**Student:** 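Below you'll find the structure I mean.
Remember, predicted model here, so these are calculated numbers, not experimental data. Every chain is numbered from 1, with letters handed out A, B, ... down the list of sequences.
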Amino acid sequence: MSKYDFNKIEEKWQKYWAKNQTFQAKNNSDKPKYYVLDMFPYPSGAGLHVGHPLGYIASDIYARYKRHKGFNVLHPQGYDSFGLPAEQYAIQTGQHPKKTTKENIARYREQLDKIGFSFDWSREVRTSDPDYYKWTQWIFMQLFESWYDYEADKAKPISKLEELFTSEGNTKVNAACDSNVEPFSAEDWNAFSSEKQQKILLQYRLTYLAETEVNWCPQLGTVLANDEIVNGVSERGGYPVVRKKMKQWSMRITAYAQRLLDGLDGIDWPQPLKDSQINWIGRSEGASVTFDVKDHDETIEVFTTRPDTIFGVSFMTLAPEHDLVSKITTDAQKADVEAYIEATAKRSERERMADVKTISGVFTGAYAEHPFSGESIPIWIGDYVLAGYGTGAVMSVPCGDQRDYDFARHFDIPIPNIFEGIDISEGAFADKDKTVITNSDFLNGLQYKAATNKVIEALEQKGAGKGKINYRLRDAVFSRQRYWGEPFPVYYKNGLPQLIDEAHLPLTLPEVSAYLPTEDGEPPLGRADVWAWDIQNNEVVANDNVDNETVFPLELNTMPGWAGSSCYMFRYMDPKNDDALASQEAMDYWQNVDLYVGGSEHATGHLLYSRFWVKFLYDRGVLPVEEPFKKLINQGMILGESAFVARFSKKVSFAEKDKISESVLKSRSDAKSWFNNIKNSIEKVIEFDNPILLSQSYSLDFKNIEWLKHYLKEEDYKYLNKEKYVAYYSVDNVPAHVDDVNISNELDLESFKDFRPEFKEAEYIKEEDGTFKVSREVEKMSKSKYNVVNPDDICEDYGADTLRMYEMFLGPLEQAKPWNTAGISGVHNFLKKLWKLYHQGNSPLEGGKGGVFQVTDDAASKDSLKTLHKTIKKVEEDIENFSFNTSVSTFMIAVNELTTQKCTSREVLEPLAVLISPYAPHISEELWSLMGHTESIATAPFPKFEERHLVESSKEYPISFNGKMRFTLELPLDMSKDEIESAVMAHEKTTHYLDGRTPKKVIVVPGKIVNIVG
RNA sequence: GCUGAAGUGGUGGAAUUGGUAGACACGUUGGACUUAAAAUCCAAUGGCCAGAAAUGGCCGUGCGGGUUCAAGUCCCGCCUUCAGUACCA
């Protein structure tokens, strides 16, 4: 069978599966259910590369395995089709994102089909489809109509809250709400205007509109969530991000902080992933303490994890942005404080983060009063205190905290010592669990735990504080100033948001003249002419009709990318349902996802938000489950090998250059490795008097070399002051298969000119032999790096079965690994050998002739049965453990053994085909049908392992001397310990190795090993 | 800095509860078939040393210790790489 025939067979079975709906899942079945889900792809214009299907192949193997095991398997696929790239493309070309998205999806589908996945395509969903986003909007409305009751620890309808307000005001309500909610009584509430009531309710809703400080990305023209920012720049595009106050929709995910934490215990997820969610939620226990400000009617609330150190407080520090700063600063300090605030505001978040070594701050002139001693405590501001965490203020205990200590030392603030046996003047810090507290009034003689309890009690008595749990988790900003996303089902009446009626969903995206923000800085929906809501007719009408009586303006923001992906797994259960997200029966049957496969990069984004929404919908009785994904597996990334051709860059002097590439250096180790690169290069310069070679990753512009000095040793940065190192060359990505092309002369380079326009201009560097200098690096596969390997090409050359098996054979599923085509022939050969096992004749695979199919009804040999059953056992274990690479090896061993045994027996070859079918479904189907079956192999029962075929009567014992294996000896397994010992001792080789000595001890582990200690 | 994962031949990677390190594959070398090539098949393949050979010896799972009859696996102390996260009070 030639490779051409492989393709024919694969095409045949792909058509067969599609025609017969082989993988369509039933919503009711006598079989137990199993739900296998992949993280659905964003259909980008670049198409799939070989890295994308890795997880899909693994989950497909598992889904197919579960079908063989008798489960009713739901294994759907869809598209996360709202998003930035389609919109960016639309901005550039004017093409409607709807159009490009549709084209991209068609391309994805074609590529996916070629790999032979067992998806139930009848359940496909697309997040940008109005029939789908109707339900995204619907969930948003449920959130808007809900509040979180900490007493019951669940979300409830907002009407219940209104009832409570009407009957008892808000003072007894323990709800998740804005921090600046004012207390009011029932009488107050009933006297409030309806507008004021609505404003107050908005402070309690689980999705709310509020002025929040957001991450604004000017280049993308939108806000970004924290998890969409990587190293201070946008994840997409790498553009700078600044802090900005804007009115935004937010999701009150903080209400669920504790439950999101607790829920992790009950789900089977990789520990590293759980850890990153735990860190992201960032629970810390401590106390909130209130300090009165002297001579003011103000108080400062701080959060501390160490209330026991309260007698060590010698100053307080506020974030420069803290509200109180302007109120309490004395006239004498005013100028200094304002200058400082201005200076810090100018610095980007990134600079501030990077510059952790510089200690800066200003005294406000004001003092706070110690709640117990009554002493005056100077109030400072300092940018080491973050406005966004806790209360934006800290009580500074220099003897207990490194940063407070550094600050105090820098500004000569006293450092009182409250720890016994610790000499703080030498900068020694106490181990909190071992040290006794002193100089602390009623806490003297106590240790951390006891002191903490006692001081919290005392604070509560005084009304100056209480025990508190603080979370790092922030509410999630939910608006984006983009076109290609779900519109909010919201219109504005007197500036207050109102929901459109549920019956009129979906609110579909309007047409716009262009996809850019408007000249006034409004989101792209501001360009829509027909984007107002008529409450009488319940329809979208032209903006001209807005009269704020019956026609109101609609929301211009759209929802973020994670909106559509948070509950899609439930939509697959009943994707065409027009009356509900999914029918109750469907949800009761399928429950939640049994196995979810996807990348770990979604740890603090999608996977957290999804858990939040599901918990919420569970609270509100929509979903029967509280967690979306019971088990989760992270597949590692497949990396690409990039080739770079080196070229001279324009001449640049370090000294005169002062732009920094902020995205490159994020830590000391980054700076170190970056610098080593330069240093090595500089040495080369000295040596060769040549341009400096920088690794391509660092061939960016640098500014502010001064800043680097924080990271470098003195002996290092002397290099930075030399101006003679003026030029470097950057390197350009060339196609990863450049080896095949071999850039050896100018002519070859010509062929790449279409590839990158700058090739025409650039001057390239040549090796001594005249070829161009080409280097290689392993990095993420990406179109822009020209290192993408297309699965279609692999399917074309080797077939989908080879691609599937090879991707599995590459290594453990969770591990990141570079794509390397070198080994693919091994897997391809295996499939050929497998084919040959079922055929008779000399090399039937070569020459395209096939060979004569031959499977007999003869009884299988003992050896063949042993091979089969050992394979069944191993493969079953491997699949259950997601160790797909080792089962491919097992198949290879099995086929090699059966070939040697010349096995042609149906008794063995039939189950073997079933075993292999999850991995190589096409060839297995073909063999299955050749063996006379008319039904697909897909639901054939998984072969049953029988121990009796593996029972051995003897074992080849390794005989070792002092732990070193010397020879093996075949002995019956039923021999007793003593018999084994005497048999071994009687052996001539034993005598040889003992060389006359008497053994001190002989260890016999029956069935395992013999060790002679001499 | 903190958290997590990992370090095994030329390469990708195997090694149940501690029990024959290097399965399986790639690559390499040699051979068969062929006019030749491809394809296929067979054999060898961790390193070093001795030997004509059969064979034998030593060293070997990042480094240094330890526990054990026995350590890639367990314990202690380091190093390196990768990923996440970061002035979190």
**Student:** May I ask you to check whether over 12 heavy atoms, not counting those of A:K866, lie within 6.0 Å of atom NZ?
**Tutor:**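 Not buried by this count: 12 neighbours or fewer within 6.0 Å.
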
**Student:** Just call it for A:E814: base, sugar-phosphate, or nothing, with non-hydrogen atoms closer than 4.0 Å on any strand.
**Tutor:**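 Nothing, no nucleic acid heavy atom in range.
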
**Student:** Centroid separation under 6.0 Å, is that true for the rings of A:H370 and A:F311?
**Tutor:**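 Under 6.0 Å, so yes.
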
**Student:** Can you pull out the residues from residues 879-886 of chain A that lie within a 4.0 Å heavy-atom distance of RNA chain B?
**Tutor:**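 Hits under 4.0 Å, by residue number: A:N885, A:T886.
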
**Student:** Measure from the ring center of A:Y806 to the ring center of A:Y798 and say whether it is less than 6.0 Å.
**Tutor:**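 They do not qualify: ring centres at least 6.0 Å apart.
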
**Student:** Counting just side-chain N and O atoms, does A:K964 come under 4.0 Å of either OP1 or OP2 of B:A21?
**Tutor:**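 No.
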
**Student:** Mark yes or no for whether A:Q277, through its side chain, and A:A603, through its backbone, hold a donor-acceptor pair below 3.5 Å.
**Tutor:**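 It does hold such a pair.
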
**Student:** Find which nucleotide of RNA chain B each of A:D275 and A:F303 is nearest to by heavy atoms, and output the residue with the more 5' nucleotide.
**Tutor:**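 In this pair, the answer is A:D275.
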
**Student:** For A:E301, enumerate each residue passing the side-chain contact (heavy atoms from CB on, under 4.5 Å) test, keeping only those at least two apart in sequence or located in another chain.
**Tutor:**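 A:E301 satisfies side-chain contact (heavy atoms from CB on, under 4.5 Å) with A:S288, A:T290, A:T391, A:K468 once adjacent residues are dropped.
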
**Student:** Among residues 889-900 of chain A, which residues get a heavy atom nearer than 4.0 Å to RNA chain B?
**Tutor:**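 Heavy-atom cutoff 4.0 Å gives A:S889, A:M892, A:I893, A:N896.
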
**Student:** Cut-off 3.5 Å, side chains only: do A:T254 and A:D475 have a donor facing an acceptor?
**Tutor:**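 Yes - a donor-acceptor pair under 3.5 Å links their side chains.
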
**Student:** Could you name each residue pair satisfying salt bridge (charged side-chain N to carboxylate O under 4.0 Å, His left out) that touches residues 874-885 of chain A, not counting sequence neighbours?
**Tutor:**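 Qualifying pairs, neighbours excluded: A:K69-A:E876, A:K873-A:E877, A:K874-A:D878.
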
**Student:** With sugar-phosphate meaning primed atoms plus P, OP1 and OP2, does A:K1000 contact a base, only sugar-phosphate, or nothing at under 4.0 Å between heavy atoms?
**Tutor:**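 No contact.
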
**Student:** Under 3.5 Å, which donor-acceptor pairs do the side chains of residues 999-1012 of chain A form with other protein atoms, sequence neighbours left out?
**Tutor:**
from	atom 1	to	atom 2	distance (Å)
A:N1011	OD1	A:S960	OG	3.3
A:N1011	OD1	A:N962	N	3.4
A:N1011	OD1	A:G963	N	3.0

**Student:** Over all strands shown, is A:V1013 touching base, sugar-phosphate only, or nothing at heavy-atom distances under 4.0 angstrom?
**Tutor:**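 It contacts sugar-phosphate atoms only.
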
**Student:** Closest-nucleotide mapping onto RNA chain B: is A:D878 or A:T304 further toward the 5' terminus? I mean the 5' end.
**Tutor:**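 Nearest-nucleotide comparison on RNA chain B picks A:D878.
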
**Student:** Identify the stems formed by RNA chain B, where each pair is Watson-Crick or G-U wobble with both distances under 3.5 angstrom and a stem is at least 3 consecutive pairs.
**Tutor:**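 So far as stems of 3 or more pairs are concerned, RNA chain B shows B:1-7 with B:79-85, B:10-12 with B:24-26, B:27-32 with B:40-45, B:46-50 with B:55-59, B:62-66 with B:74-78.
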
**Student:** Are A:K817 and B:G12 close enough that a side-chain N or O sits under 4.0 Å from OP1 or OP2?
**Tutor:**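 Answer no for this pair, as no side-chain N or O of A:K817 is under 4.0 Å from OP1 or OP2.
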
